[in-house]
Protein chains: 2
Amino acid sequence: MPRRPTPRSITRPRGTIRSEVLAFVRGRLAAGSPPTVREVQQAFGFKAVESARQHLEALVAEGSLAKSPGRSRGYRLPADGGPELNVRLIPRLGRVQAGGLREAIEDPDGWLAVEGPATGEEMFALTVRGESMTGAGILPGDTVIVRRQDTARDGEIVVAQVRDEATVKRLRLRDGQIVLQPENPAFAPLIFAPDTEIRILGRVVEVRRRLA
Amino acid sequence: MPRRPTPRSITRPRGTIRSEVLAFVRGRLAAGSPPTVREVQQAFGFKAVESARQHLEALVAEGSLAKSPGRSRGYRLPADGGPELNVRLIPRLGRVQAGGLREAIEDPDGWLAVEGPATGEEMFALTVRGESMTGAGILPGDTVIVRRQDTARDGEIVVAQVRDEATVKRLRLRDGQIVLQPENPAFAPLIFAPDTEIRILGRVVEVRRRLA
DNA sequence: TAGTTAAACAGACATATGTCTGTTCTGTCA
DNA sequence: TGACAGAACAGACATATGTCTGTTTAACTA
């Protein structure tokens, strides 16, 4: 069993150097800035660039990391075992007043990272108010992530603008009527004739709840 | 009002080029790989590197972006103002077999981006099986994000290892007994004496559900 | 002891990438 | 019309960064 000629660091509480290099790279990737080989070198106190590169290449060889050869900061998480990490930022909206979706998107309450292809789809997030959708596992305070679209199909959970407020309901199309169906027996469905002043703002594609 | 000499792209439905460059960089940052100037150039079809750099520098000047001069892929989100990106990657675990949490984390099914300070906290994600927690709005197929910890307080939703399987339940501490309480009247609580072979794996801090 | 091996080291080289200088294009405005 | 400004372009240069080659160190082993 070989060993390292000189100790690289004073405190090395757990794990081998190699696994710590992996942890270091993972941390940097999570922080949004993949490290360079020389940054790894510096972080571990190596005196030669190649020392860091050897560990990195070994991690690639064993499948713990992936890389784009030649590219700067080219080390990534391995693509196998899951879809390519594909995150985008979407605005978290406050109250959506009448006709103000565009304005609300321009002036968001914050930003949210969601996974999914970085297509041109417009997305936004809303905080759920009220208990009308508890039957679908959507509780007050939950965040719904919405794909912006003007139409939706029967049975989909949508965000609709009713009068001055955006509301989350299940869409039902019956006999030419538009029904916004709560998922809570304590609430009554909202029934609209076609071409009423009701507007579909988008379709709910994800629900999130923090239990802080 | 100045204008661009040549159209850069066929379809440019909304927003100016500059705001789209900002969106592009944000997306790349969120995905964990800051773009190079030349990658921005290529993405927008510029014929000169400098064209891309002008937009990037303008965004830095107006405070929408920050950068580390000279560093490769040095464009960042500004520390203040703009959308603070605080994302870290956590492993999505498959089945957690007996004693195998560590092994499961080493060999994840995939990775998930979650928001929160990049502290040293160990986190992982699990897919919920069964309907025992529907009363708490946690449905089968939901993803729970778990903060790794060995203990928990009364009333918290935890992931516990019972025999050979990880399970999500609400923790109740009564009369020196450990109770794993389902949130569904159709399921019975699991009651354990202290020091039984039950182990808290962590506390559920977030719930996510995709509605394809 | 000599050979082997993993790891670290030193230095150089090739490429990727940020940056600079000057030019061209096209609309705006005096 | 001519000066001006914003934007894009072309080309070059300096630096950052990945990669290669060869050497040294220290443990293990036949």
Side-chain angles (χ1 to χ4, degrees), chain A residues 1-10 12 15-22 24-25 28-29 31-62 64-78, chain B residues 1-10 12 15-22 24-25 28-29 31-62 64-78:
Chain A
M1 189 70 70
R3 58 174 287 285
R4 63 188 100 123
T6 52
R8 303 275 99 261
S9 165
I10 304 96
R12 191 164 304 290
T16 65
I17 285 190
R18 181 147 305 165
S19 67
E20 284 187 53
V21 170
L22 177 56
F24 175 79
V25 175
R28 290 291 303 265
L29 286 172
S33 70
T36 66
V37 177
R38 280 169 183 79
E39 283 171 353
V40 174
Q41 172 200 354
Q42 203 170 24
F44 286 81
F46 293 126
K47 290 173 184 167
V49 194
E50 189 59 19
S51 304
R53 210 178 85 92
Q54 269 182 35
H55 285 295
L56 290 168
E57 290 300 324
L59 288 167
V60 171
E62 76 181 38
S64 303
L65 283 180
K67 67 176 273 193
S68 315
R71 296 249 169 279
S72 75
R73 304 170 188 274
Y75 290 91
R76 310 286 147 94
L77 294 178
Chain B
M1 186 71 71
R3 58 176 285 288
R4 63 190 100 123
T6 52
R8 304 273 97 263
S9 164
I10 305 97
R12 190 166 305 288
T16 64
I17 286 191
R18 183 147 305 165
S19 67
E20 285 188 54
V21 170
L22 178 56
F24 175 78
V25 175
R28 289 289 304 262
L29 286 172
S33 71
T36 66
V37 177
R38 281 169 182 80
E39 283 171 353
V40 175
Q41 173 201 353
Q42 202 169 26
F44 285 81
F46 293 126
K47 289 174 185 166
V49 193
E50 189 59 19
S51 305
R53 211 178 84 93
Q54 268 182 35
H55 285 294
L56 290 168
E57 289 300 324
L59 289 166
V60 171
E62 74 179 39
S64 303
L65 282 180
K67 66 175 271 194
S68 315
R71 295 250 169 277
S72 74
R73 304 172 188 273
Y75 289 92
R76 308 288 146 91
L77 294 178

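Order of the sequence lines fixes the chain letters, A, B, ..., with proteins taken first and strands second; residue numbering starts at 1 for each chain. Since the structure is predicted, the reported quantities are computational estimates derived from the model, not experimental observations.
Atom CD of B:Glu62 is surrounded by more than 12 heavy atoms from other residues, nucleotides or ligands within 6.0 Å.
B:Arg18 has a side-chain polar atom (N or O) that falls below the 4.0 Å cut-off from OP1 or OP2 of D:dA7. Contact annotation: A:Ser72 reaches the phosphate of C:dT17 (side-chain N/O to OP1 or OP2, under 4.0 Å).
Closest approach to the B:Lys47 side chain among C:dT17, D:dA8, D:dA10 is made by D:dA10 (side chain taken as heavy atoms from C-beta onward). Across D:dA8, C:dT17, D:dT19, the shortest atom-to-atom separation from the side chain of B:Arg73 is found for C:dT17. Nearest to the side chain of A:Ser51, among C:dA8, D:dA8, C:dT17, sits C:dA8. Distance from the side chain of B:Glu57 is smallest to C:dT19 among D:dA8, D:dT17, C:dT19. Comparing atom distances between the B:Ala48 side chain and each of D:dA8, D:dA10, C:dT19 picks out D:dA10 as nearest. The listed nucleotides are C:dC9, D:dT19, C:dT19; the one nearest the side chain of A:Lys67 is D:dT19. Ranking D:dT19, C:dT19, D:dA8 by closeness to the B:Pro69 side chain, first place goes to C:dT19. Closest approach to the B:Arg53 side chain among C:dC20, D:dA8, D:dT19 is made by C:dC20 (side chain taken as heavy atoms from C-beta onward).
B:Arg73 places a side-chain N or O within donor-acceptor distance of the main-chain N or O of B:Pro34, the cut-off being under 3.5 Å. Side chain of B:Gln42 to backbone of B:Glu39: no donor-acceptor contact under 3.5 angstrom is found. Side chain of A:Arg28 to main chain of A:Ser33: a donor-acceptor pair is present (N/O by atom type, distance under 3.5 Å, no hydrogens or angles).
Across the protein-nucleic acid pair, B:Glu50 atom CD and C:dT17 atom C1' stand 13 Å apart, rounded to whole Å. Going from atom NE2 of A:His55 over to atom P of D:dT19 covers 16 Å, rounded to whole Å. Atom CD in B:Gln42 sits about 17 Å away from atom C1' in D:dC9, given to the nearest Å. Rounded to whole Å, the distance from CD on A:Gln54 to P on D:dT21 is 14 Å. What separates CD of A:Glu39 from C1' of D:dA16 is a distance of 10 Å, to the nearest Å. Atom CZ in A:Arg71 sits about 10 Å away from atom C1' in C:dT17, given to the nearest Å. Atom C1' of nucleotide D:dG18 and atom CG of A:Leu59 are separated by 17 Å, given to the nearest angstrom. For the pair A:Leu56 CG and D:dC20 P, the computed distance is 14 Å after rounding to whole Å.
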What are the atom names and distances for every N/O pair under 3.5 Å that joins the protein to nucleotides 12-15 of chain D?
none

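Taking CG from B:Leu22 and CG from B:Leu56, the interatomic distance works out to 9.5 Å, rounded to the nearest 0.5 Å. Atom CG of B:Leu29 sits about 7.5 Å away from atom CZ of B:Arg76, to the nearest 0.5 Å.
Between B:Glu57 and B:Tyr75, the shortest heavy-atom contact is OE2-OH, 2.7 Å.
Taking the six-membered ring for Trp and the full ring otherwise, A:His55 and A:Phe46 have centroids separated by under 6.0 Å.
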